[in-house]
Asker: 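Dropping the structure in here first, questions after.
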Amino acid sequence: MNITIKNKEEIEKMRIAGKILKQTLDLIESSIYPGQTTSRLNDLAYQYIISQGAQPSFLNYEGFPYTICASLNDQVVHGFCTDVPLKEGDIISIDCGVIWQGYHSDAARTFPVGTISREKQALIEATKQSFFEGIKDIKAGCKLGNISHKIQVYLEERGYGVVRELTGHGIGTNLHEDPYVPNYGKYNSGIVLSEGMTLAIEPMSTLGKRDVFLEDNDWTVTTWDGKPSAHYENTVLITKDGVEILTL
Ligand code: MG
Ligand code: MG
């Protein structure tokens with residue numbers, strides 16, 4: 001395992017990458033409505049990131065063809081953008097990354113399209129809250145498994161599935177670095193967190209079973225039972241006293 005510790009200048013670059021990404025996600029959120037297309041959202045994200053003097057992390061990453069991942073309803077992550085209009089009642093997970101002077105940020109949100117069902121709304125809220133439960137009381141000296149464990153417990157206690165095939169990750173000059181940050185695990189297990197580590201923490205949940213499959217495009221991960229899925233992710237910095245969220 002090769003976990004990088006970031007110095008002050010590196011952290012400052014990641015803060016800027018995080019800020020531009022947060023603004024990109026805000027722009028996308030305000031552009032979601034029934035009839036909108038994910039191709040158009042992709043264009044908006046690309047143009048905004050470039051206008052800030054930054055670059056999209058995901059575009060051409062291992063051949064990925066878009067600036068954003070747009071995962072609709074039962075798609076968990078890595079959804080492709082299309083010209084199919086979003087419909088009232090859909091939920092859409094938008095995952096995006098920004099590079100600023102060689103440093104990456106990575107964040108995801110699940111957004112409602114118009115009015116959605118109460119159970120989809122609850123899924124979105126619980127997934128977001130599981131992230132905050134995961135980082136609660138976390139600081140340098142804590143074990144990584146505490147984050148994983150708290151996310152898993154929060155979601156499973158509410159009856160949601162926790163996707164295991166994909167995990168959070170370290171982040172820095174690479175989009176994906178060591179260590180893996182699973183959304184399940186044992187309390188007090190794993191590596192000890194230290195000051196200057198930067199992690200993308202990203203619970204992925206389902207309204208049904210946790211099983212997923214890979215679609216024919218070799219990218220998109222979708223629930224096996226066709227039930228909706230939600231995703232919430234931020235890039236964070238581990239500090240002496242806690243966690244600084246770089247993408248909020
Ligand atoms: Mg992401
Ligand atoms: Mg990520």
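Order of listing sets the numbers, starting from 1, for every ligand and every atom in it. Since this is a predicted model, take the numbers as computed values, not measurements.
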Asker: Quick one: side chain to side chain donor-acceptor pair (under 3.5 Å) pairs with a partner in residues 45-55, sequence neighbours left out?
Answerer: Gln23-Tyr48

Asker: Regarding His169 and Asp106, do their side chains bring together a donor and an acceptor under 3.5 Å, going by distance alone?
Answerer: yes

Asker: Regarding Gln75 and Ser93, do their side chains bring together a donor and an acceptor under 3.5 Å, going by distance alone?
Answerer: no

Asker: Salt-bridged, Glu10 to Lys13, with N to O below 4.0 Å?
Answerer: no

Asker: Salt bridge (Lys or Arg N to Asp or Glu O under 4.0 Å): which pairs involve residues 235-248, sequence neighbours left out?
Answerer: Arg15-Glu244

Asker: Quick one: salt bridge (Lys or Arg N to Asp or Glu O under 4.0 Å) pairs with a partner in residues 206-223, sequence neighbours left out?
Answerer: none

Asker: With a cut-off of 2.8 Å, how many protein N, O or S atoms neighbour the Mg ion (ligand 2)?
Answerer: 4

